[in-house]
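Before any comments, here is the structure.
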Amino acid sequence: QQPVQSPQAVILREGEDAVINCSSSKALYSVHWYRQKHGEAPVFLMILLKGGEQKGHEKISASFNEKKQQSSLYLTASQLSYSGTYFCGTGTDSWGKLQFGAGTQVVVTP
Amino acid sequence: GAVVSQHPSWVICKSGTSVKIECRSLDFQATTMFWYRQFPKQSLMLMATSNEGSKATYEQGVEKDKFLINHASLTLSTLTVTSAHPEDSSFYICSARVGQGRSYSNQPQHFGDGTRLSIL
């Protein structure tokens with residue numbers, strides 16, 4: 001079952017922050033975050049595992065609340081290069097199969 | 001590192017034709033590969049999981065006889081869309097992951113650039 005992502009889209013000015021949420025109705029083993037630019041392959045950002053950890057990749061970080069079956073991706077001091085569609089992929093079995101959310105389109109303007 | 005090559009990138013063919021798409025891991029051994037379908041402005045829908053040397057596992061609603069998957073080596077998986085029809089037109093994308101099974105479930109998936117399939 002697909003996780004639910006929100007918001008569907010967000011427009012930011014360079015330097016602003018944003019949060020993207022991903023929630024699942026099933027217990028999660030892991031949450032994977034990817035960014036896809038138009039016409040390109042999704043690019044891996046980070047994985048969060050059971051245990052409620054937080055991770056970071058430059059000024060992009062994420063948290064995982066296992067109990068709430070939710071993850072959030074934080075874009076801090078956004079850059080133009082952050083534009084794209086962000087997908088969360090949730091692992092609900094221990095074999096690593098992912099179900100992807102509908103995506104959040106992020107547009108960062110100068 | 002972790003480069004996945006997908007070929008072809010674009011296919012246009014007549015209805016009834018079978019089309020083969022290749023997915024190769026160039027610098028790592030991919031015991032597990034995944035095949036997805038993506039409609040415009042929509043999410044990645046998992047079609048099947050392919051493990052080297054064994055039969056693919058298909059998601060509910062995906063026709064096994066329509067979408068044939070072969071994962072004959074640690075670096076190559078192929079998806080064949082048999083007797084393709086206009087409704088099969090879509091963006092097909094593969095991903096590859098190191099390892100098979102539970103102990104590798106936390107490894108990232110590395111995606112190919114996708115294949116845009118148009119059936120006339």
Side-chain angles (χ1 to χ4, degrees), chain A residues 1-9 20 22-24 26-51 53 55 57 62 64 66 71 84-107, chain B residues 1-7 9-10 23-26 28 30-51 54 56-62 91-116:
Chain A
Q1 201 158 12
Q2 266 190 304
V4 176
Q5 269 185 252
S6 63
Q8 282 185 314
I20 300 170
C22 174
S23 63
S24 172
K26 287 182 152 188
L28 299 177
Y29 282 84
S30 63
V31 179
H32 302 223
W33 285 97
Y34 291 82
R35 178 173 62 213
Q36 184 179 31
K37 293 189 184 269
H38 182 68
E40 298 180 10
V43 172
F44 170 73
L45 294 175
M46 64 192 81
I47 290 177
L48 298 105
L49 309 176
K50 283 171 67 171
E53 63 180 273
K55 277 198 171 181
H57 174 75
F64 177 25
E66 183 186 334
S71 177
T85 301
Y86 289 76
F87 291 99
C88 68
T90 52
T92 55
D93 64 25
S94 56
W95 296 98
K97 234 172 34 173
L98 298 179
Q99 299 292 335
F100 283 89
T104 296
Q105 187 177 9
V106 172
V107 176
Chain B
V3 178
V4 176
S5 171
Q6 194 171 334
H7 178 81
S9 55
W10 200 298
C23 181
R24 291 181 187 271
S25 55
L26 297 186
F28 67 101
T31 314
T32 303
M33 290 186 174
F34 302 89
W35 287 95
Y36 296 88
R37 187 170 176 175
Q38 187 177 33
F39 291 102
K41 297 189 178 181
Q42 292 190 27
S43 186
L44 299 152
M45 300 302 295
L46 179 64
M47 298 174 66
T49 303
S50 160
N51 291 305
S54 61
T57 306
Y58 291 81
E59 294 301 298
Q60 200 170 11
V62 177
F91 188 62
Y92 292 88
I93 191 164
C94 71
S95 70
R97 187 190 75 195
V98 171
Q100 175 181 339
R102 290 185 167 91
S103 57
Y104 294 94
S105 63
N106 299 326
Q107 294 297 313
Q109 293 183 24
H110 303 284
F111 284 85
D113 285 336
T115 297
R116 193 159 303 282

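Within every chain, numbering begins at 1; the chains are lettered A, B, ... in the order of the sequence lines, protein sequences first and strands thereafter.
Neither the backbone nor the side chain of Gln105(A) comes within contact range of chain B; no heavy atom of the residue lies under 4.5 Å from a heavy atom of that chain. The parts of Gln109(B) that come within reach of chain A are both its backbone and its side chain, each placing non-hydrogen atoms under 4.5 angstrom from that chain. Of the two parts of Gln5(A), neither the backbone nor the side chain holds a non-hydrogen atom closer than 4.5 Å to a non-hydrogen atom of chain B. Heavy atoms closer than 4.5 Å to chain A are found in both the backbone and the side chain of Leu44(B).
Aromatic ring pairs are classed by plane angle as parallel below 30°, tilted from 30° to 60° and perpendicular above 60°; the pair Tyr34(A) and His32(A) is parallel.
Note that OG of Ser30(A) is 7.0 Å distant from CZ of Phe64(A), once rounded to the nearest 0.5 Å.
Heavy atoms from other residues, nucleotides or ligands lying under 6.0 Å from NZ of Lys26(A) number 12 at most.
The side-chain contact (heavy atoms from CB on, under 4.5 Å) test with Leu28(A) singles out one residue from Leu48(A), Leu49(A), Thr90(A), and that residue is Thr90(A). The side-chain contact (heavy atoms from CB on, under 4.5 Å) test with Met47(B) is passed by exactly one of Tyr36(B), Tyr58(B), Tyr92(B), Phe34(B): Tyr92(B).
In terms of heavy-atom pairs under 4.5 angstrom with chain B, the leader among Gly39(A), Ala102(A), Pro42(A) is Pro42(A).
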